[in-house]
Number of protein chains: 2
Amino acid sequence: MTWRTTVTLELLPSPIHSTQRGIAPAHHRCDDCPVRASALCGSLNDEELVSLNRLGRRRIVQAGQIVSWAGDPASMFANVISGALKITALTVDGREQIVGLLFPGDFVGQLFSDKTQLTVTAMVESDLCTYPRSAFEAMLDAFPRLERTLLQRVLASLNEARDRMLTLGRKTAQERVAGFIQYLAMRSGDVRADGTVDVILPVNRTEMADYLGLTIETICRQLTRLRTMSVIAFGASPRDCRILDSEQLDYLANPI
Amino acid sequence: MTWRTTVTLELLPSPIHSTQRGIAPAHHRCDDCPVRASALCGSLNDEELVSLNRLGRRRIVQAGQIVSWAGDPASMFANVISGALKITALTVDGREQIVGLLFPGDFVGQLFSDKTQLTVTAMVESDLCTYPRSAFEAMLDAFPRLERTLLQRVLASLNEARDRMLTLGRKTAQERVAGFIQYLAMRSGDVRADGTVDVILPVNRTEMADYLGLTIETICRQLTRLRTMSVIAFGASPRDCRILDSEQLDYLANPI
DNA sequence: CGGAACGTTGAGCATAATCAACGACTGTGG
DNA sequence: CCACAGTCGTTGATTATGCTCAACGTTCCG
């Protein structure tokens, strides 16, 4: 049994045929929320959480479904409980750029602004904990620690956005692709006994291209190149990636 | 007297031979601060400003001088009183991307984070109102309105950063250059009686290239192209730009 | 079996980068 | 005063990187 034939996709539900349907109960318990520690709510104590609890509604969005449209009034705010979403910007003639990815613990939504130029789409079935925007803004007034945590998150997002500007403005295709795999490995890679690292790509080739400002063909060619160089290998699915040579990958992502 | 020969550079002090030297008095009056309305401090009342006043120090930085180095401990926070600065990110081999421009009323500095990967450099002689980072963070605790204003600013910067990702990842050289001139016109253009708009480019060609993710030669060729098409014209200096055909410029920036 | 979505590979092309030369302007020092 | 160096901006010739267009393979369902 080789890596190439036996490894299966575990982390991500298939985008095509998700089985779960329906809407979670209106009120849920924050106590056993899987992202309580990592989400914004982590800055609140049990007592304060009760207020939030009353406001929050669970919402399950299917793969491909749009959560928030560019140009729409920004009326919602939400925490991601599970799944994966993309934030995209579009040119008038339809070229797409993914400007951010959202995973469990991240938040969605424009605050203090009536319109958004961005679209949020679920890439796989995702579970959101949503609040009316105005109610959440009121919570920020009431709980300074919540606001401070939000500020820190937004500052971190801004730093990440600026780092991505360097990638999009100045890096070659090879550096972008190698750097993306490296970033995913750092974020959620599984280091194995022999030093190789398993990474499940959370996006398909098209999304990878839209994230890195390249075309799908260029993504494929660069991945093939990395595979030919034995820097990475693929498992059963083209989303199961194993890093064979982290040092070389780092060099390709950040040459001299 | 034609536009091409008579218009002079007014807004920006020459980057080469600035005459003013020295350091402003340690304590200044916020009352007659030129950016009081537009800077973060605008959210404070007169009484609260007294506390800030005690902490702030004026600092004049010369053109080309670095205010904050990538990798340095982030110990300073400042408001821009006058001038223009750039925030840059660098690849390991020295390619540069300008990830943000700073003008009077904007703030400089990393908060709640011990290191920064970004470098801030004065493009022309600039006047800053600086605070020790820790002291400013304490002010945020004391004055919730200050923190709220900061949060709104950072959210706006994040939106701008994401918009720039679309430019850097998906737009052509023509769209980038036309869009940049359009952006400057919207921000600080001077509309004339005949409908043309005067814009003083706050950056030289190299900085324009580093901002738009292009080379200096491509910038020149695109500007020449716009000039040949009579969409823009240049005055005495290559930084004095006049928009002759705003409609066409908009079409070139956002085709179909 | 057939269609749809996704992924890969090839051939040719176009956009922007690279390399090079030159003009305008400014300040410096002989 | 003029020669010179330095910076900035412009233009030309050539190249290369990544895009476009096209074909085809695989997988998964209906």
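Residue numbers start from 1 in every chain, and the chains themselves are labelled A, B, ... in the order their sequence lines are given, proteins ahead of strands. All values reported here derive from a predicted model rather than from experimental measurement.
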DNA chain D contacts made by residues 167-175 of chain A, counting heavy atoms under 4.0 Å: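 Those residues whose heavy atoms fall under 4.0 Å from DNA chain D, taken from residues 167-175 of chain A in numerical order, are Thr172(A), Ala173(A).
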Might you point out which heavy atoms bring Leu118(B) and Ala89(B) nearest each other, and give the distance in Å?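 Looking at all heavy atoms of both residues, the closest pair is CD2-CB, 3.9 Å.
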Please report the shortest heavy-atom distance between Asp198(A) and Arg242(A), naming the atom on each side.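 Minimum heavy-atom separation between Asp198(A) and Arg242(A): OD1-NE, 2.7 Å.
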Measure [atom1]/[X] against [atom2]/[N] and give the value in whole Å, please.
X         : N       : atom1 : atom2 : value
Ile232(B) : dG9(D)  : CD1   : C1'   : 14 Å
Arg176(B) : dA16(C) : CZ    : C1'   : 10 Å
Phe234(B) : dG23(C) : CZ    : P     : 21 Å
Asn204(B) : dG6(D)  : CG    : C1'   : 14 Å
Arg239(B) : dT10(D) : CZ    : C1'   : 16 Å
Arg205(A) : dT26(D) : CZ    : P     : 16 Å

Pair listing, salt bridge (Lys or Arg N to Asp or Glu O under 4.0 Å) test, anchored in residues 82-97 of chain B, at least two apart: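 Residue pairs with at least one partner in residues 82-97 of chain B: Glu175(A)-Arg95(B), Lys86(B)-Glu96(B), Asp93(B)-Arg95(B).
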Gly64(B) backbone acceptor or donor facing Thr121(B) side chain under 3.5 Å: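 Not a single qualifying donor-acceptor pair exists.
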So if I take residues 207-226 of chain B and measure heavy-atom distances to DNA chain C, which residues fall below 4.0 Å?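 The answer is Gly213(B), Leu214(B), Thr215(B), Glu217(B), Thr218(B), Arg221(B).
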Using a strict heavy-atom distance below 4.0 Å, which residues from residues 248-256 of chain B are in contact with DNA chain C?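 Nucleic-acid contacts, sorted: none.
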Rounded to the nearest 0.5 Å, how far does OG1 of Thr196(B) lie from CD1 of Ile243(B)?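 That separation rounds to 9.0 Å.
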Nearest 0.5 angstrom please: Arg225(A) CZ to Gln174(A) CD, how far?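 Going from the CZ atom of Arg225(A) to the CD atom of Gln174(A) covers 4.5 Å.
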Taking only residues two or more places apart in sequence, or in another chain, which ones meet Thr167(B) in a side-chain contact (heavy atoms from CB on, under 4.5 Å)?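 side-chain contact (heavy atoms from CB on, under 4.5 Å) check on Thr167(B) returns Lys171(B), Arg176(B).
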Students often mix this up, so state it plainly: with edges at 30° and 60°, are the rings of Tyr211(A) and Phe180(A) parallel, tilted or perpendicular?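 Ring orientation of Tyr211(A) relative to Phe180(A): tilted.
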Is the cationic atom of Arg239(B) (NZ for Lys, CZ for Arg) positioned less than 6.0 Å from the six-membered ring centroid of Phe234(B) and within 45 degrees of its normal?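 The answer is no, since Arg239(B) fails at least one limit relative to Phe234(B).
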Out of Val35(A), Leu85(A), Val67(A), which residue meets the side chain to side chain contact (heavy atoms under 4.5 Å, CB included) rule with Val80(A)?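 Filter result, single survivor: Leu85(A).
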Going by the side chain to side chain donor-acceptor pair (under 3.5 Å) test, which pairs reach into residues 244-256 of chain B, not counting sequence neighbours?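 For residues 244-256 of chain B: Gln182(B)-Asp250(B).
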